[in-house]
Amino acid sequence: MAEPYDLVVIGGGPGGYVAAIRAAQLGLRAACIERRATLGGTCLNIGCIPSKALLQSSEKFAEARRGLAEHGLILGEVGLDLAAMMARKDSVVATLTRGVEFLFRKNKVDWLKGSARIAAPGRVALTGADGAASEVAARAIAIATGSESARLPGLDIDERRIVSSTGALSFDRVPERLAVIGGGYIGLELGSVWSRLGAKVTIVEFLDRILPNMDRELGPALQRILARGGVAFKLGTKVVAGRADGDHATLELESVAGGERSELVADAVLVAIGRRPNTEGLGLEALGVALDRTGHIAVDDGFATNVPGIYAIGDVIRGPMLAHKAMDEGSALAEHLAGQKPDIYYNAIPAVVYTWPEVASVGETEAELQQSGVDYRVGKFPFTATPRARTNGETEGFVKILAERASDRVLGVHIIGPDAGTMIAEAALAMEFAATAEDIARTSHAHPTLSEAMKEAALAVDGRAIHA
Ligand code: FAD
Ligand code: NAI
């Protein structure tokens, strides 16, 4: 066998490709094994990027149809060319996945094409698309195999009528009625896409509010706005059975509290009830690699599994299933292997739902602070009182800052509003630096920008917002 690599990463998603590139930057000899025909993993191929391309296009469509008259722009009839919208999405994806390939060449990372299984610590067996088998040696092996959609028992995904997010990124026509199971990230983002393009969307959520893991003010606020745009919600409702019948699908629903039954008929059903870690076919059981109780690969702070020389990062380990979290772990793992001491502050990892308006969050929610008995103050500021939101004609939502009462340290920031996903970066930086609400309040924020709402919310923590 040839000289071993310093690092072989299994999986070319945001966790894996970043780990391989960062390792190469640090002088390690790195390879990345990916079985898909393109690099970039779930995120670039069937996740973050195609969904954001469709969100952008559908938002432009909705705006052109409804939103421009108040700006004095009178358009003629606005039509939809869905095939062109999909082709644009595919071309964005192709550009970005080729971009990762370019970065591999630039950094001298070898892309080994095929499906990997760990034969033993230090040895990875590779099966190419043509079935050819080979083996590579590695001083360290990183598992970055990501996740896949969770299935609902009894509901078979055919990616045509009953689809996962992958099918919902590629419908060839707008379904007249779309039922979405799950009021989380995917249900709300892709539900928004198809609602804007004309589908009658109904979101069925098991719990009593959408975005149940975020601060409890955010989900209901988003629900009110989406409902005004025509999205229907069935909360506290579970799907007990479902079937595809010819040109439609029927779901049998049951209320969680009362047990009443009802039926929901739709032309397509999107199942978006979470994702599960991809641990199968890697030979983990034979190697004795331990999983935690949620089925993720168990790792220590340095991403080491219980088997020496085998590491894991990204969606396949604990923590939020987010691309930037996977990328941060990829860098940190490579730095660990190169002898550095990186540290990820998990509490400052932001989360963004790219609906309109966007929802963004970092740190602890009010409920979490109450549960742990922390004494805190709340500063809240609405976009209606933010001049730039007025000029843009986008005044929905607010910024909410939670700060510890005694120290004034920022513990959580929760935003619903225009460009919340960009604004949350300031809050994440503040938390990384252990800033106080006073630090944010005393920082000059350009006028007129949406970020002034952050400054005003920080002032509001101390009861001294100027414009509200
Ligand atoms: P993945 O990206 O899943 O990559 C794993 C790769 O490993 C895959 O390419 C797979 O083919 C490969 N692989 C698996 N097993 C093997 C094997 N045995 N041999 C070889 N290769 C293998 N996150 C965000 O932060 N922002 C978003 O806007 C966002 N939008 C999303 C939208 C959708 C519709 C979905 C589904 C997800 C979205 N996510 C988003 C989540 C994000 O995609 C994941 O958190 C991220 O991709 C995880 O990265 P990863 O490297 O751990 O795994
Ligand atoms: P999710 O965890 O965000 O939401 C799933 C929702 O389904 C929850 O509200 C849950 O209560 C509900 N649910 C679970 N079982 C149900 C059932 N049987 N019936 C009805 N409702 C049920 O999962 P989702 O939307 O599938 O996305 C998976 C993951 O992908 C996200 O958690 C996130 O990590 C990632 N993602 C991130 C995005 C972003 O960063 N913008 C966008 C899309 C996905």
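In each ligand, atom 1 is the first atom listed, and ligand 1 is the first ligand listed. Note that the coordinates shown come from a computational prediction; the quantities given were computed from them, not determined experimentally.
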- Where Cys43 and Pro50 come nearest, the two heavy atoms and their spacing: O-CD, 3.7 Å

- Candidate with minimal heavy-atom separation from atom 33 (C) of ligand 2, of Arg209, Met321, Glu205: Met321

- Taking only non-hydrogen atoms of Tyr354 and a 4.0 Å limit, the atoms of ligand 1 in range are 28 (O)

- Any idea which of Gly15, Ala37, Pro277 brings a heavy atom closest to atom 51 (O) of ligand 1? Gly15

- Message: When you measure from the heavy atoms of Leu190 to every atom of ligand 1, does any distance fall below 4.0 Å?
- Response: no

- With atoms numbered from 1 as shown, which atoms in ligand 2 lie under 4.0 angstrom from a non-hydrogen atom of Glu189? 39 (C), 41 (N), 42 (C)

- So CD1 of Ile210 and CD of Glu205: to nearest 0.5 Å the spacing works out to 8.5 Å

- Task: Go through the side-chain N and O atoms of Asn45 and Thr38 and say whether any donor and acceptor fall under 3.5 Å apart.
- Result: yes

- Query: At what distance is the nearest protein heavy atom to atom 13 (N) of ligand 1, and which residue and atom is it?
  - Reply: Arg35 NE, 3.9 Å

- Report, in ascending order of atom number, the atoms of ligand 1 lying under 4.0 Å from any heavy atom of Leu322. 23 (N), 25 (O), 45 (O)

- Message: Within ligand 2, which atoms have a heavy atom of Leu152 less than 4.0 Å away?
- Response: 18 (N)

- Message: Side chain or backbone, does Val353 bring an N or O within less than 3.5 Å of an N or O on ligand 2?
- Response: no

- Can you list the atoms of ligand 2 that are under 4.0 Å from a heavy atom of Val352? 39 (C), 40 (O), 41 (N)

- Query: For atom 24 (C) of ligand 1, what is the nearest protein heavy atom, given as residue, atom name and distance?
  - Reply: Ala323 N, 3.5 Å

- Message: So for Pro14, does at least one of its heavy atoms come nearer than 4.0 angstrom to any atom of ligand 1?
- Response: yes

- Query: Asn213 to ligand 2: N or O pair under 3.5 Å?
  - Reply: no

- Looking only at non-hydrogen atoms, the one of Ala116, Gly16, Ser149 nearest atom 19 (N) of ligand 1 is Ala116

- Item | For the student: nearest non-hydrogen atoms of Val399 and Met423, plus distance | CG2-CE, 4.0 Å

- Which segment of Lys52 sits under 4.0 Å of ligand 1 when only heavy atoms are counted: side chain

- Result for side chain to side chain contact (heavy atoms under 4.5 Å, CB included) between Val362 and one of Met431, Glu432, Glu426 points to Met431

- Considering distance alone, does some N or O of Ile186 sit under 3.5 Å from an N or O of ligand 2? yes

- Task: Just jot down the ligand 2 atoms closer than 4.0 angstrom to any heavy atom of Leu207, in number order.
- Result: 11 (O)

- Does a donor on one side chain sit under 3.5 Å from an acceptor on the other, for Asp245 and Thr250? yes

- Message: Students should be able to answer this: which protein heavy-atom is nearest to atom 53 (O) of ligand 1, and at what distance?
- Response: Gly146 CA, 3.1 Å

- Relative to the heavy atoms of Glu34, which atoms of ligand 1 are at a distance of less than 4.0 Å? 6 (C), 7 (O), 8 (C), 9 (O), 10 (C), 11 (O), 12 (C), 21 (N)

- Contact atoms of ligand 2, heavy-atom distance to Arg275 under 4.0 Å: 28 (C), 29 (C), 30 (O)

- Note on the structure: Counting from 1 in the order shown, the ligand 2 atoms closer than 4.0 Å to a non-hydrogen atom of Val204 are 20 (C), 21 (N)

- Query: Per the side chain to side chain contact (heavy atoms under 4.5 Å, CB included) rule, which among Ile317, Leu284, Ile313 passes with Ile143?
  - Reply: Leu284

- Message: Would Pro320 count as a contact residue for ligand 2, given that I'm defining contact as a non-hydrogen atom of the residue lying under 4.0 Å from a ligand atom?
- Response: no

- Task: Considering only non-hydrogen protein atoms, determine which one is nearest to atom 20 (C) of ligand 1 and report residue, atom name and distance to 0.1 Å.
- Result: Gly114 O, 3.4 Å

- Query: Hey, looking at atom 2 (O) of ligand 1, which of Leu39, Thr42, Asn45 has the closest heavy atom?
  - Reply: Thr42

- Could you tell me whether Glu159 atom CD has more than 12 heavy atoms of other residues or ligands within 6.0 Å of it? yes

- Message: If you count heavy atoms of other groups shown closer than 6.0 angstrom to CG of Asp301, is the number above 12?
- Response: no

- Numbered atoms of ligand 2 (with element) below 4.0 Å of Ile181, judged on heavy atoms: 19 (N), 20 (C)

- Looking only at protein heavy atoms, identify the closest one to atom 44 (C) of ligand 1 and say how far it is in Å. Asp315 OD2, 3.3 Å

- Examine the proximity of ligand 1 to Leu282 and report which part, side chain or backbone, both or neither, has a heavy atom under 4.0 Å away. side chain

- Enumerated ligand 1 atoms positioned under 4.0 Å from heavy atoms of Gly11: 6 (C), 7 (O), 12 (C)

- Would you mind listing which atoms of ligand 1 come within a distance below 4.0 Å of any non-hydrogen atom of Met321? 41 (C), 45 (O)

- Message: Minimum distance, heavy atoms only, to atom 2 (O) of ligand 2: which one of Gly182, Ser51, Ala360, Gly274 is it?
- Response: Gly274

- Task: Provide, to 0.1 Å, the distance between atom 32 (C) of ligand 1 and the closest protein heavy atom, together with that atom's residue and name.
- Result: Gly47 C, 3.3 Å

- Going by the atom numbers of ligand 1, which of them fall below 4.0 Å from some non-hydrogen atom of Ser51? 32 (C)

- Closest heavy-atom contact between Arg209 and Pro220? CD-CD, 4.2 Å

- Query: Relative to the heavy atoms of Arg275, which atoms of ligand 1 are at a distance of less than 4.0 Å?
  - Reply: 36 (C)

- Tyr354 neighbourhood, listing ligand 2 atoms whose heavy-atom distance to it stays under 4.0 Å: 41 (N)

- Item | Residue from His414, Arg216, Lys400 passing side-chain hydrogen bond (donor to acceptor under 3.5 Å, both in side chains) with Glu366 | Lys400

- Give the single entry among Gly421, Ala272, Cys48, Ala326 that approaches atom 39 (N) of ligand 1 most closely by any heavy atom. Cys48

- Near Gly314 (heavy-atom distance under 4.0 Å), the atoms of ligand 1 are 52 (O)

- Task: Would you mind checking if Glu3 and Arg139 are paired as a salt bridge, meaning a charged N to carboxylate O distance below 4.0 Å?
- Result: yes

- Message: Is the contact between Ile10 and ligand 1 made by the side chain, the backbone, both, or neither, using heavy atoms and a 4.0 Å cut-off?
- Response: side chain

- With heavy atoms only and a cut-off of under 4.0 Å, state how Pro50 meets ligand 1: side chain, backbone, both or neither. neither

